[in-house]
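Below: one structure, written as structure tokens.
Residue numbering restarts at 1 for every chain, and letters A, B, ... go by the order of the sequence lines.
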Amino acid sequence: MNSKKEHPCQQVSISEDSYTIIEKEQLAKRTICKMIIEAPLIARKARAGQFIILRVNETGERVPMTITEKDPAKGTITIYFQVVGKTTALMRNMKVGERFKDVVGPLGQPDEIEKIGKVVMVGGGTGTAVLYHITQAYRALDNYLVGIIGARDKDLIILQKEMGALCDELIVTTDDGSSGQKGLVTEALNNYLKTSHDVRLVWAIGPLAMMKAVSAITRPFQIKTMVSLNPIMVDGTGMCGCCRVTVGGKIRFACVDGPSFNGHLVDYDELLKRKGMYLNQERESLLFSVR
Amino acid sequence: MEQKTQAEKINRQKMPEQNVSSRIRNFDEVPLGYDPQTAQREASRCIMCKNPKCVEGCPVEIDIPAFVKLIKEGKFLEAIYKIKEKNALPAVCGRVCPQEDQCEKMCLLGLKGEPVGIGNLERFAADYEYTQPLAEVKKPTSPTGHKAAVVGSGPSGLTVAADLALLGHEVTIFEALHEPGGVLIYGIPEFRLPKAIVKREIDYLKSLGVKVFNNMIIGKIFTVDELFDRGFEAVYLGVGAGLPVFMGIPGENLNGILSANEFLSRVNLMKGYEFPDTDTPVYVGNHVAVIGGGNVAMDCARTSLRLGAKRVTVLYRRSRREMPARLDEVIRAEEEGIIFHYLTNPIRYLSNEQNWVKAIECIRMELAEPDESGRRNVIPIAGSEQTIEFDTVLVAVGAGANPVLSSTTPDLKLNSRGYYIADPVTGLTSKPRVFAGGDIVTGSATVISAMGAGRRSAQAIHKMLMGIQDTPTTD
Ligand SMILES: Cc1cc2nc3c(=O)[nH]c(=O)nc-3n(C[C@H](O)[C@H](O)[C@H](O)COP(=O)(O)OP(=O)(O)OC[C@H]3O[C@@H](n4cnc5c(N)ncnc54)[C@H](O)[C@@H]3O)c2cc1C
Ligand SMILES: Cc1cc2nc3c(=O)[nH]c(=O)nc-3n(C[C@H](O)[C@H](O)[C@H](O)COP(=O)(O)OP(=O)(O)OC[C@H]3O[C@@H](n4cnc5c(N)ncnc54)[C@H](O)[C@@H]3O)c2cc1C
Ligand code: SF4
Ligand code: SF4
Ligand code: FES
């Protein structure tokens, strides 16, 4: 057998992971929640850019969440989620010691991280959490990292300290100027690119509109730009086609071909519309759950 | 001879069904099953051929006259044990096997009149067993100490697992989804195959000592090689087809256009039909189009109807006669009011301002001469374009080979379409100790053929694990 043997310490026995919540923390005025979940098998395999799909309970929806950190020794993974609908609201109410019904992963393609020089990491809102794992991987390869993270106001900024520790330069923006520069991350990026001419790569993760805007900014500079897409998903194994996105004129399945893609090739407008497909039902689901 | 003439007087016993007006509003099973008397009457039609052709038609070679005789004599439990010697999932096969193309097609009675209702009888015996107190589980022979991994818990994987467990091997199933059963769980709807039946079969497997791990995608959580590193001595890949096929025509990414897999998964796996009691939404509009003519298309059409669609239309590019769906299911769909547009193919989708599909531009097709395979191709008739309004489209034009596992298993040889190459008898792939069968080898086929492949591989795996050499005389 020519496969590379796993390190003995990674020989976690095969059993249904318990998916217990080990730690939980509310951030950004309770709009974002950080959770550390016991999942030893996933922790030992997860690489930057990959995600899990979880279910809260027997009737629960399958919900994708990026793995933002992993600790193979402790057997845990970390997720950051924004409360936007029924499932994430249920998750916010879960307590340390409670278990998820199902967690499957690591899903998606790990990102190909290499040493290339100066990389700008742009994160908006919860996107900063998704960006964090990738930033760690670039740091490990000793790239020059410029972080640009933003939110509406200073209380909504997450991971500032952690990103600050990883990046050689960190720019913080807030819409109201309550912390860092006043304005949007896209403006800060534009200004940065005008003065710094050795940027080799830009990563942008955040709301779709933000990733679209970043891609528009970097295009004239001809800087390769990577984005992480979050279309609606069901199985996460390439079986249903629900997550299909148009990239470079071709249909790609974000769950198996992505979730990261070349930002200059993504059809954002189509994706934006597809994400709204179940809006009415999602509202109903939420209303139903609070009744 | 005496017996024969007597037997032929009885007509094939009709399967009682839920009436149309109530069944299109619920997800309960449509055929209701024989009662014991009806089953015995149907069984008495069989003339117990000395050289039973029906058995040749069954991919797992159930001793059909023997079990039918036992039913006739009222020995229902013995009948099911007879079936189970060859078929681990009789309650499933009795319901979804295309009997009309298999066992019943070959039945002697079918030459002059109607064949024996073999599938209905098989279903009866299986259902009867479940009404009885749980029988002592046939315990596996003494443990061999050998470990085998089965990837995928569709009918193929379940069969391998059951057979190997009964032979005393330690078997672990790895399933990607959160529930085992494969297409039996996520694809075939409740009204054709109640999920409780599949769950009972899985419980039976567990009672044999088979371990089932959900939420584990091989190729992601472990590679195949890592399974060997962890002490498994054989790996069976029964991962199914599992890739939706789209037609690649303009507008296919509009909202309201779903693959059959997505639609059926939302409904069956995620129980979307109980929304909002369950959390996964499933949308059907007023006017649903289903593209395709197989079982999957019928299931999509009939499911849409039950979810409240006002008009459901199947668009199929060939004619009714070429439809691959089971005739029974086509007839039921017609009874339920599904509209069929034959010789019709979509060429383009049109949208409203919200990016929702609002109409399909179709073209009329005409049948060409049959090709070598006997299948008649179709050619579009120029100038016959026509636009029909729809607000939901379900694409059920086939499945492809999912690459999640193969892309991480470089030494697994694939054919040009991405399916695994495996020995037709043993299921052995190009990779030592790795076997494969079911849809991922043959392309989309049937439950029973996936099970047949599993059965054959189980024998080969057993021999390999026990170091038994093949003698040249074995077939
Ligand atoms: C690869 C990937 C990684 C993700 N990582 C994170 C993360 O790290 N942190 C985070 O907060 N969010 C992440 N998301 C988004 C997250 O999955 C959705 O916010 C979540 O599903 C919302 O569920 P809900 O029931 O609370 O809200 P709903 O009421 O169901 O929906 C609210 C919003 O979420 C979107 N959404 C709904 N269902 C899904 C679904 N199954 N898949 C994707 N989007 C959906 C809808 O378009 C809608 O805009 C990720 C999504 C993907 C695809
Ligand atoms: C809607 C529909 C209706 C049908 N109706 C009929 C019918 O009436 N009669 C009939 O005979 N046939 C029917 N079929 C076809 C039949 O269901 C299939 O031929 C059969 O299920 C194939 O069995 P399988 O075991 O090969 O794969 P599947 O049933 O597809 O099971 C494969 C399993 O493997 C899992 N898997 C895949 N990749 C991995 C991985 N990397 N790691 C772990 N697990 C993995 C999948 O999640 C799945 O659970 C129908 C199919 C569909 C979709
Ligand atoms: S398993 Fe299928 S083909 Fe075989 S006897 Fe039963 S119904 Fe017929
Ligand atoms: S071919 Fe028909 S009649 Fe003959 S044994 Fe089989 S089921 Fe009975
Ligand atoms: S989520 Fe089903 S194919 Fe990607």
Side-chain angles (χ1 to χ4, degrees), chain A residues 1-6 11 13-17 19 41-42 45 50 53 55-63 85-87 90 101-107 234-242 244-246 251 253 256 267 269-270 272-274 276-278 280-282 284-285 287-289, chain B residues 172 174 176-179 186 211 213-217 220-230 240-246 248 252-256 258-259 261-266 269-271 274-283 351 354-356 395 399 402-404 407 411 432:
Chain A
M1 221 124 297
N2 54 7
S3 75
K4 231 173 73 199
K5 292 263 184 218
E6 288 171 78
Q11 281 267 11
S13 69
I14 307 179
S15 64
E16 283 254 42
D17 284 357
Y19 319 131
L41 289 172
I42 299 174
K45 269 283 165 117
Q50 290 188 299
I53 287 185
R55 285 206 320 155
V56 169
N57 54 34
E58 196 47 64
T59 54
E61 195 172 358
R62 293 171 65 93
V63 163
K86 176 166 181 189
T87 307
L90 283 174
K101 177 78 180 57
D102 300 286
V103 176
V104 60
L107 301 169
V234 181
D235 61 301
T237 66
M239 180 269 278
C240 77
C242 170
R244 59 195 193 275
V245 290
T246 304
I251 292 187
F253 291 174
V256 285
D267 184 340
D269 295 337
E270 176 189 276
L272 212 54
K273 290 174 196 147
R274 284 185 63 80
M277 181 150 160
Y278 292 99
N280 289 333
Q281 283 98 327
E282 278 152 7
E284 188 187 343
S285 178
L287 285 176
F288 185 79
S289 65
Chain B
T172 306
F174 296 93
L177 295 172
H178 60 256
E179 229 179 277
Y186 79 73
K211 290 197 204 100
F213 290 128
N214 299 328
N215 299 314
M216 296 221 185
I217 304 172
K220 292 287 184 187
I221 195 87
F222 298 113
T223 60
V224 172
D225 283 333
E226 282 166 353
L227 291 176
F228 287 116
D229 292 348
R230 282 172 178 266
L243 184 78
V245 170
F246 290 96
E252 218 169 14
N253 282 4
L254 291 174
N255 289 357
L258 284 67
S259 77
N261 280 356
E262 178 185 350
F263 178 70
L264 293 171
S265 298
R266 283 180 181 272
L269 178 70
M270 307 309 297
K271 306 238 175 332
E274 289 170 5
F275 183 86
D277 286 333
T278 52
D279 299 344
T280 307
V282 45
Y283 178 85
S351 76
Q354 284 84 47
N355 206 50
W356 271 91
V395 184
N402 186 305
V404 166
S407 63
D411 40 351

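Rounding to the nearest 0.5 Å gives a distance of 10.0 Å between CZ of B/F228 and OG1 of B/T223. Atoms NZ and CZ, on B/K271 and B/R266 in that order, are 15.0 Å from each other to the nearest 0.5 Å. Going from atom OH of A/Y19 over to atom NZ of A/K101 covers 9.0 Å, rounded to the nearest 0.5 Å.
Neither the backbone nor the side chain of B/V395 comes within contact range of chain A, judged by heavy atoms closer than 4.5 Å. Looking at A/I53, neither its backbone nor its side chain comes within 4.5 Å of chain B, counting heavy atoms on both sides. Heavy atoms of A/R62 lying under 4.5 Å from chain B belong to its backbone as well as its side chain. Using a 4.5 Å cut-off between heavy atoms, A/V103 contacts chain B through its backbone alone, with no side-chain atom that close.
When each of A/R244, A/Q50, A/E270, A/R274 is scored by its heavy-atom pairs under 4.5 Å with chain B, the top score falls to A/R244. Among B/N261, B/L254, B/N255, B/L269, the residue making the largest number of heavy-atom pairs under 4.5 Å with chain A is B/N255. Between chain B and the options A/T237, A/D267, A/T246, the largest number of non-hydrogen pairs under 4.5 Å is found for A/T237. Contact count against chain A (heavy-atom pairs under 4.5 Å) is highest for B/P244 among B/S265, B/A399, B/P244. Per-residue counts of heavy-atom pairs under 4.5 Å with chain A were compared for B/L258, B/L243, B/T280; the largest is that of B/T280.
At least one side-chain heavy atom of A/L90 sits less than 4.5 Å from a side-chain heavy atom of B/D279.
Listed here is the closest heavy atom pair of B/F263 and B/Y283: CE1-O, 4.4 Å.
A donor-acceptor pair is defined here as one N or O able to donate and one able to accept, closer than 3.5 Å; no such pair exists between the side chain of B/T172 and the backbone of B/K211.
With sequence neighbours excluded, the residues satisfying side chain to side chain contact (heavy atoms under 4.5 Å, CB included) with B/V404 are A/V256, B/I217, B/K220, B/N402.
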